[in-house]
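On a predicted model such as this, the values are computed, not experimentally measured, just so you know. Excluded from the calculations below are hydrogen atoms, water molecules and symmetry mates; all remaining heavy atoms, backbone and side chain alike, are included. Throughout, protein chains are lettered first and strands after them, A, B, ... in sequence-line order, and every chain is numbered starting at 1.
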2 protein chains.
Amino acid sequence: MTEATVLVVDDEPQIVRALRINLSARGYRVVTAHDGTAALRAAAETKPDVVVLDLGLPDLDGNEVIAGLRGWSTVPIIVLSARSDSPDKVRALDAGADDYVTKPFGMDELLARLRAAVRRSSVSGSDGTDAVVETGDVSIDLVAKKVRRDGEEVHLTKTEWGVLELLVRNHGRLVSQKQLLREVWGPTYENESHYLRVYLAQLRRKLEREPSRPRHLITEPGMGYRFEL
Amino acid sequence: MTEATVLVVDDEPQIVRALRINLSARGYRVVTAHDGTAALRAAAETKPDVVVLDLGLPDLDGNEVIAGLRGWSTVPIIVLSARSDSPDKVRALDAGADDYVTKPFGMDELLARLRAAVRRSSVSGSDGTDAVVETGDVSIDLVAKKVRRDGEEVHLTKTEWGVLELLVRNHGRLVSQKQLLREVWGPTYENESHYLRVYLAQLRRKLEREPSRPRHLITEPGMGYRFEL
DNA sequence: ACTGCTCGTCAAGGAGTCGTTAAGGCTTTT
DNA sequence: AAAAGCCTTAACGACTCCTTGACGAGCAGT
């Protein structure tokens, strides 16, 4: 991240001025707007990395501005407000705001929250979970809940599928016995590790070429199991 | 997102209880920890979607817990604290926290901030690859529980992994023998320092280029061990 | 140089965990 | 009502890994 752009939306000039000074001193590029419509326009034009938004705007309600932004952008929004009421905070946060700071605020705190917001959004991520997982000889469709081995469809029972699904959704990762038992059988079965042995054996018999020397459904003794592609 | 998991870290039972009740009533899965070390372990095991963390913990400073989590995870962290000082907030947020709520807090507000945090992370969230600790020749994936040396996967046993994990989570810092024994083997093994010699030797044989002249798994005579990057 | 301590290394035994199979009994389907 | 399918449970052999003891090296103090 080179230089983050902050869009400041407030109708009180002295607040805008204070923020502009402090933010540019910290190396942020600062864009300002005095009302809601101008804010939405400015956001579309400048694509800010974070928005600081006062709720008390002359033309639009603050939550409308949030909704207007959220319609097309996931930019972090930090709400400023004179009102510290809980209902107000809840509404703003549920409308899509990321943080809520009550006026009067400490500049240090606002800057820290700003840093936190920018840091978060700069961690980009693509969706890692694919609908269908392939391993060369086995294919698992997580949505249709169908499993094929060498092209032929394999029938799995509910429990078998529960185990396999959890392992495949975490393929490559180790899944602890406790987690498997908790998620598939329920919290009261956390110690019934015997079930896992039975069901892993069944899954291996159905999916592995050599069930006695599994390539996908791997046991990590004492810890859990993992699905390898 | 089907059912979000929340890790609640607080040493005050009534707060943990209140949160557990309110959160599970809203359909969250709730996992709790009453101190920092338990929190770090629980986070590794259950991979929560969001962490609610009290700063006043008995064993570790809250910011250390944040740092310990941020070493390998990008899970949203909401900090709870009795102190409303600005410096405290700034420190926590800069350490990697995502939000800061002052006690006493309104449950509505906390829930709203929680929703905001989960919403955010489910958008930018899991990119499939985990945070990995790298040293040039060794790479350690703390989530998948996988270790590679020069690209080749190395198999570790449960106990070997327990020792390595604790050292890597505190990389750069000295970990005392007692702490290692307590966390990996249990409180009654605090004086069985022999185990450490055996297991450190095994780990070095598996991970170090020259096991007799280790570069990562360093012995601090009379005190403990340290993992150097 | 000798003694006492801590650390590193190796190997063997034994405890605990895992894989496998099959049968009983419950639920659901036909 | 019968049949099929599935979960649970038990038993046993096989295997992995934890534990344990013995021995040598390095180091500090006497």
Side-chain angles (χ1 to χ4, degrees), chain A residues 145 147 153-167 174-186 188-227, chain B residues 145 147 153-167 174-178 180-227:
Chain A
K145 307 209 181 218
V147 180
E153 189 164 333
V154 178
H155 177 77
L156 296 188
T157 73
K158 199 182 209 158
T159 309
E160 286 165 358
W161 174 259
V163 173
L164 183 65
E165 178 177 23
L166 191 55
L167 288 173
L174 176 74
V175 183
S176 75
Q177 315 197 22
K178 279 198 177 177
Q179 188 182 347
L180 276 162
L181 289 163
R182 183 165 11 89
E183 308 255 336
V184 178
W185 278 270
T188 57
Y189 289 73
E190 273 192 0
N191 292 31
E192 306 286 344
S193 60
H194 187 98
Y195 289 3
L196 291 177
R197 288 198 270 292
V198 174
Y199 275 89
L200 263 293
Q202 280 175 1
L203 281 171
R204 288 203 254 249
R205 187 143 32 86
K206 291 185 176 181
L207 300 181
E208 296 277 2
R209 283 233 159 69
E210 297 180 88
S212 54
R213 222 169 303 121
R215 290 173 48 203
H216 307 304
L217 295 160
I218 311 293
T219 302
E220 299 281 6
M223 298 197 279
Y225 295 87
R226 91 168 78 224
F227 187 90
Chain B
K145 294 207 186 338
V147 179
E153 196 163 316
V154 178
H155 182 84
L156 296 188
T157 73
K158 176 187 163 77
T159 309
E160 286 164 0
W161 175 261
V163 173
L164 182 64
E165 179 177 27
L166 190 56
L167 289 173
L174 173 73
V175 183
S176 74
Q177 309 199 10
K178 281 202 172 172
L180 275 162
L181 289 163
R182 192 169 357 100
E183 304 264 334
V184 178
W185 278 269
T188 58
Y189 289 73
E190 273 192 359
N191 295 330
E192 306 285 345
S193 59
H194 188 111
Y195 289 1
L196 290 177
R197 292 204 254 330
V198 173
Y199 275 91
L200 263 293
Q202 279 176 359
L203 281 171
R204 289 201 254 249
R205 186 147 34 83
K206 291 184 176 181
L207 300 180
E208 296 278 2
R209 283 232 161 71
E210 297 180 87
S212 53
R213 224 168 301 122
R215 289 172 49 201
H216 307 305
L217 294 159
I218 312 294
T219 301
E220 300 279 6
M223 304 169 67
Y225 293 88
R226 188 154 44 90
F227 187 89

### Task
Can you measure from CZ (A:R197) to OG1 (A:T219) and round to the nearest 0.5 angstrom?
10.0 Å
### Query
Using a cut-off of less than 4.0 Å, is there contact between a side-chain N or O of A:R197 and OP1 or OP2 of C:dC18?
yes
### Task
Give A:E220 one of three labels, base, sugar-phosphate or nothing, depending on what nucleic acid heavy atoms sit under 4.0 Å from its own.
nothing
### Message
The test is side-chain contact (heavy atoms from CB on, under 4.5 Å); show your working for A:I218 and A:L174 and say whether it passes.
### Response
CA-CA 9 Å; A:I218 311 293; A:L174 176 74; over 6 Å; no
### Query
From the list D:dC7, C:dC10, C:dT21, which nucleotide is the closest neighbour of the side chain of A:T159?
D:dC7
### Query
Counting only side-chain N and O atoms of A:H155, is one of them less than 4.0 Å from OP1 or OP2 of D:dC6?
yes
### Query
Roughly, in whole Å, what's the span from CH2 in B:W161 to P in D:dC18?
14 Å
### Shortest side-chain distance from A:S212, nucleotide among C:dG8, C:dT20, D:dT20
C:dT20
### Task
Rounding to 10 degrees, work out the angle separating the end axes of the helix from C:dA1-D:dT30 to C:dT30-D:dA1 (five pairs an end).
30°
### Query
When you measure from the side chain of A:T157, which nucleotide among D:dC17, D:dC7, C:dG8 comes out closest?
D:dC7
### Query
Do A:K206 side-chain atoms and A:H155 backbone N/O form a donor-acceptor pair below 3.5 Å?
yes
#### Entry: From C:dG8, C:dT20, C:dT9, nucleotide with atom closest to A:A201 side chain
C:dT20
### Query
Do the ring planes of B:F227 and B:H216 sit parallel (below 30°), tilted (30 to 60°) or perpendicular (above 60°)?
parallel
### Message
Treating A:R226 as the side-chain partner and A:E220 as the backbone partner, does any N or O pair qualify as donor plus acceptor under 3.5 Å?
### Response
no
### Nearest to side-chain heavy atoms of A:Y189, which nucleotide of C:dC10, D:dT16, D:dT8
D:dT8
### Message
Mind checking if A:S193 touches a base, just sugar-phosphate, or nothing, with heavy atoms under 4.0 Å?
### Response
nothing
### Query
Is the backbone N or O of B:R213 less than 3.5 Å from a side-chain atom of B:E208, with the two atoms forming a donor-acceptor pair by type?
no
### Euclidean distance, atom CG of residue A:L181 to atom C1' of C:dT17 [Å, nearest integer]
14 Å
### Message
Using a 6.0 Å cut-off, check whether atom CZ of B:R215 has over 12 heavy atoms from anything other than its own residue.
### Response
no
### Task
Take atom CZ of A:R205 and atom P of C:dT20, then tell me their distance rounded to the nearest Å.
9 Å
### Message
So A:E192, base contact, sugar-phosphate only, or nothing? Heavy-atom distance under 4.0 Å.
### Response
nothing
### Message
By the 4.0 Å heavy-atom rule, please label B:Y199 as base, sugar-phosphate, or nothing.
### Response
base
### Task
Among C:dC10, C:dG19, D:dT8, find the nucleotide with the atom closest to the side chain of A:R204.
C:dG19
#### Entry: Selection from C:dT21, D:dA11, C:dG8 that lies nearest to any side-chain heavy atom of B:Y225
C:dG8
### Task
From the options D:dC6, C:dC7, D:dC18, select the nucleotide whose nearest atom is closest to the side chain of B:Q177.
C:dC7
### Message
What's the closest nucleotide to the side chain of B:W185 if the choices are D:dT20, D:dT19, C:dG19?
### Response
D:dT19
### Message
Using the side-chain heavy atoms of B:V198, tell me which of these nucleotides is nearest: C:dC18, C:dT9, C:dG8.
### Response
C:dT9
### Message
With a 4.5 Å cut-off on side-chain heavy atoms, are A:V163 and A:W185 touching?
### Response
yes
